[in-house]
*Asks:* 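Can you keep this structure in mind? I'll have questions shortly.
All ligand and atom numbering here is 1-based and tracks the order in the structure.
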Amino acid sequence: MEASGHAGCGGLSTRDVSGIKMNDQIRPQPGILDIALYQGGKAHVAGVSKVVKLSSNENPFGPSDRAKAAFGQSMQTLHRYPVTDHAALRHAIAEVCGLDAGRIICGAGSDEIITFLAQAYAGPGDEVVFTEHGFLMYRISAMAAGATPVEVPERERTADVDAILAACTRATRLVFLANPNNPTGTMISTDDVARLAAGLPPQALLVLDGAYAEYVEGYDGGAALVDARQNVVMTRTFSKIYGLGGLRIGWGYGPSHVIDVLNRVRGPFNLSTTQLDVAEAAVRDQDHLVRCREENRRWRDWLAGELAALGVPSDPSQANFILARFADQAEAEACDAHLAARGLIVRQVASYKLPNCLRITVGDQAACRQVVDAVATFKGVR
Ligand SMILES: Cc1ncc(COP(=O)(O)O)c(C=O)c1O
């Protein structure tokens with residue numbers, strides 16, 4: 001921290017914190033400046049004009065045609081404010097997923113639901129628990145709320161229920177678990193999740209993040225557990241299998257007492273008419289979802305098998321990406337550079353404490369073949 005001490009805007013003095021001019025009097029809440037900026041997946045490679053983006057777990061097939069048609073239609077009403085209760089979207093989700101529409105809340109991506117949860121349930125002195133290789137937004141939202149992030153070791157890149165329960169204290173307010181998890185792709189059984197929910201201290205809420213739930217055939221994302229208990233909330237997204245990452249729509253499902261609280265912190269117009277209409281059309285087109293799930297499963301398993309044969313193993317993934325493991329960080333970075341030079345953008349995951357790994361989104365058939373060819377030349381096999 002270096003003090004520059006000159007008069008800033010309005011005559012207030014400023015100083016540098018990590019290279020950014022800060023104001024001595026106008027300060028953020030404690031802990032905010034400790035938050036590491038979230039880095040999204042790269043989309044460009046310098047000097048390479050044609051790239052295949054496999055760095056953000058997006059659906060290579062994009063949204064359904066019905067969703068795209070709804071997007072066009074929504075142009076007619078851009079001058080109108082959206083509804084505040086999201087009733088049509090909530091009822092569509094409830095109908096398709098067999099849920100209670102009254103206990104659904106919609107947000108600008110599931111990120112926003114995660115933020116609402118932290119804002120509403122965690123503050124200074126409270127602890128927010130998540131796993132070692134858990135999604136970075138859990139830490140960010142906990143710190144933004146002034147709470148203490150608590151990271152729990154995983155076992156072989158898989159959440160460990162006993163370790164999570166052992167980490168809970170009287171200060172634990174939220175426990176985040178993505179199932180399947182990003183970036184590992186692993187998941188724990190419904191029985192283990194139920195055991196976790198049952199073993200939490202009474203003041204703690206379990207947040208089951210189902211961003212990749214639709215990729216697992218026959219899995220409800222934890223909805224039945226939400227219905228059975230008072231301490232479980234599920235979050236879901238339209239960004240992954242529904243192919244709508246650019247539009248920012250997510251939702252949560254929980255007990256009435258939680259949804260009521262979250263609606264109090266939610267801005268009334270947090271979703272636009274376009275977001276609402278497109279998401280409704282998307283969720284009503286389950287044929288598209290099933291096609292995407294099947295393609296993903298087929299090419300994910302093929303990709304994992306081919307890379308394993310080249311000496312790059314991964315844990316069995318339940319999601320739309322694989323976590324490719326290399327000998328060490330140097331080899332992972334060298335392979336990343338090799339792929340990037342061929343226009344293949346994947347994700348380094350050192351920030352997830354997995355420096356020797358690359359997370360590779362499952363693209364379409366052509367993209368998966370390109371990745372395998374590039375890894376083969378990297379390994380000197382072809
Ligand atoms: C585990 C997990 N949860 C939540 C999200 C947030 O998704 P969104 O805010 O796009 O709904 C992501 C996105 O990558 C994710 O991987």
Side-chain angles (χ1 to χ4, degrees), residues 38-43 53-60 62-63 67 86 89 93 104-119 128 130-142 144 151 154 157-159 174-188 193 206-216 219 221-222 233-253 262 266 270-272 275-276 278-279 282-283 296 317-323 345-349 351-354 357 359-362:
Y38 182 92
Q39 306 287 339
K42 286 195 194 111
K53 184 171 179 246
L54 303 171
S55 54
S56 298
N57 300 340
E58 294 149 337
N59 180 345
H86 308 156
L89 176 57
I93 293 169
I104 292 173
I105 180 169
C106 302
S110 47
D111 276 356
E112 194 180 32
I113 309 292
I114 292 168
T115 303
F116 292 158
L117 283 158
Q119 193 184 344
V128 174
F130 48 86
T131 64
E132 187 182 0
H133 308 303
F135 184 46
L136 292 177
M137 276 305 294
Y138 307 150
R139 175 183 291 279
I140 292 175
S141 60
E151 189 183 291
E154 296 187 15
R157 297 166 301 279
T158 306
L174 289 167
V175 175
F176 283 104
L177 176 72
N179 208 32
N181 183 49
N182 169 24
T184 56
T186 59
M187 83 184 281
I188 61 171
V193 177
L206 173 62
V207 183
L208 284 178
D209 180 335
Y212 302 94
E214 295 87 354
Y215 284 104
V216 186
Y219 175 52
V233 181
M234 169 179 78
T235 60
R236 302 285 283 267
T237 185
F238 282 89
S239 302
K240 306 300 176 185
I241 207 162
Y242 288 105
L244 291 168
L247 209 51
R248 313 302 302 128
I249 316 139
W251 54 283
Y253 184 59
L262 301 185
R266 176 176 73 80
N270 65 323
L271 288 183
S272 67
Q275 288 167 299
L276 293 165
V278 173
V283 77
N296 177 72
S317 169
Q318 308 299 322
N320 67 337
F321 53 86
I322 63 167
L323 184 69
I345 308 178
V346 302
R347 186 78 159 253
Q348 287 192 21
V349 279
S351 58
Y352 283 92
K353 302 192 166 55
L354 294 159
C357 297
R359 192 192 66 193
I360 307 174
T361 302
V362 179

*Asks:* Going by the order shown, which atoms of ligand 1 are within less than 4.0 Å of some heavy atom of T237?
*Replies:* 8 (P), 10 (O), 11 (O)

*Asks:* Name the orientation class of the two ring planes belonging to F130 and Y138 (parallel below 30°, tilted from 30 to 60°, perpendicular beyond 60°).
*Replies:* tilted

*Asks:* Which atom pair, heavy atoms only, marks the closest approach of V216 to Q318?
*Replies:*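 V216 and Q318 have their closest heavy atoms at CG2-O, 3.6 Å.
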
*Asks:* Could you go step by step and tell me if N57 and Y212 meet the side chain to side chain contact (heavy atoms under 4.5 Å, CB included) rule?
*Replies:* CA-CA 9 Å; N57 300 340; Y212 302 94; 3.0 Å; yes

*Asks:* Show me which atoms of ligand 1 lie under 4.0 Å from any heavy atom of N182.
*Replies:* 1 (C), 14 (O), 15 (C), 16 (O)

*Asks:* Check each atom of ligand 1 against the heavy atoms of S239 and keep those under 4.0 Å away; list them by number with element.
*Replies:*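 Per the distance check, 8 (P), 10 (O), 11 (O).
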
*Asks:* Looking only at protein heavy atoms, which one is nearest to atom 7 (O) of ligand 1, and how far off is it?
*Replies:* S110 OG, 3.3 Å

*Asks:* So which heavy atom in the protein is nearest atom 14 (O) of ligand 1, and how far is it from that ligand atom?
*Replies:* K240 NZ, 3.0 Å

*Asks:* When you measure from the heavy atoms of R248 to every atom of ligand 1, does any distance fall below 4.0 Å?
*Replies:*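 The answer is yes: ligand 1 sits under 4.0 Å from a heavy atom of R248.
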
*Asks:* Would G250 count as a contact residue for ligand 1, given that I'm defining contact as a non-hydrogen atom of the residue lying under 4.0 Å from a ligand atom?
*Replies:* no

*Asks:* For atom 6 (C) of ligand 1, grab the closest protein heavy atom and report residue, atom and distance to one decimal in Å.
*Replies:* D111 OD1, 3.2 Å

*Asks:* Going by the order shown, which atoms of ligand 1 are within less than 4.0 Å of some heavy atom of Y212?
*Replies:* 1 (C), 14 (O), 15 (C), 16 (O)

*Asks:* Answer yes or no: is there an ion pair linking E112 with R266, defined by an N-O contact shorter than 4.0 Å?
*Replies:* no

*Asks:* So how far is it from K42 NZ to K53 NZ, rounded to the nearest 0.5 Å?
*Replies:*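 Atom-to-atom, K42:NZ and K53:NZ are 12.0 Å apart.
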
*Asks:* Would D209 count as a contact residue for ligand 1, given that I'm defining contact as a non-hydrogen atom of the residue lying under 4.0 Å from a ligand atom?
*Replies:* yes

*Asks:* Hey, what do you get for CD (E214) to CG (N296), rounding to the nearest 0.5 Å?
*Replies:*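 These two atoms lie 11.5 Å from each other.
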
*Asks:* Any chance you could measure L54, atom CG, to I345, atom CD1, to the nearest 0.5 Å?
*Replies:* 8.0 Å

*Asks:* Looking only at protein heavy atoms, which one is nearest to atom 12 (C) of ligand 1, and what is the separation?
*Replies:* F135 CZ, 3.3 Å

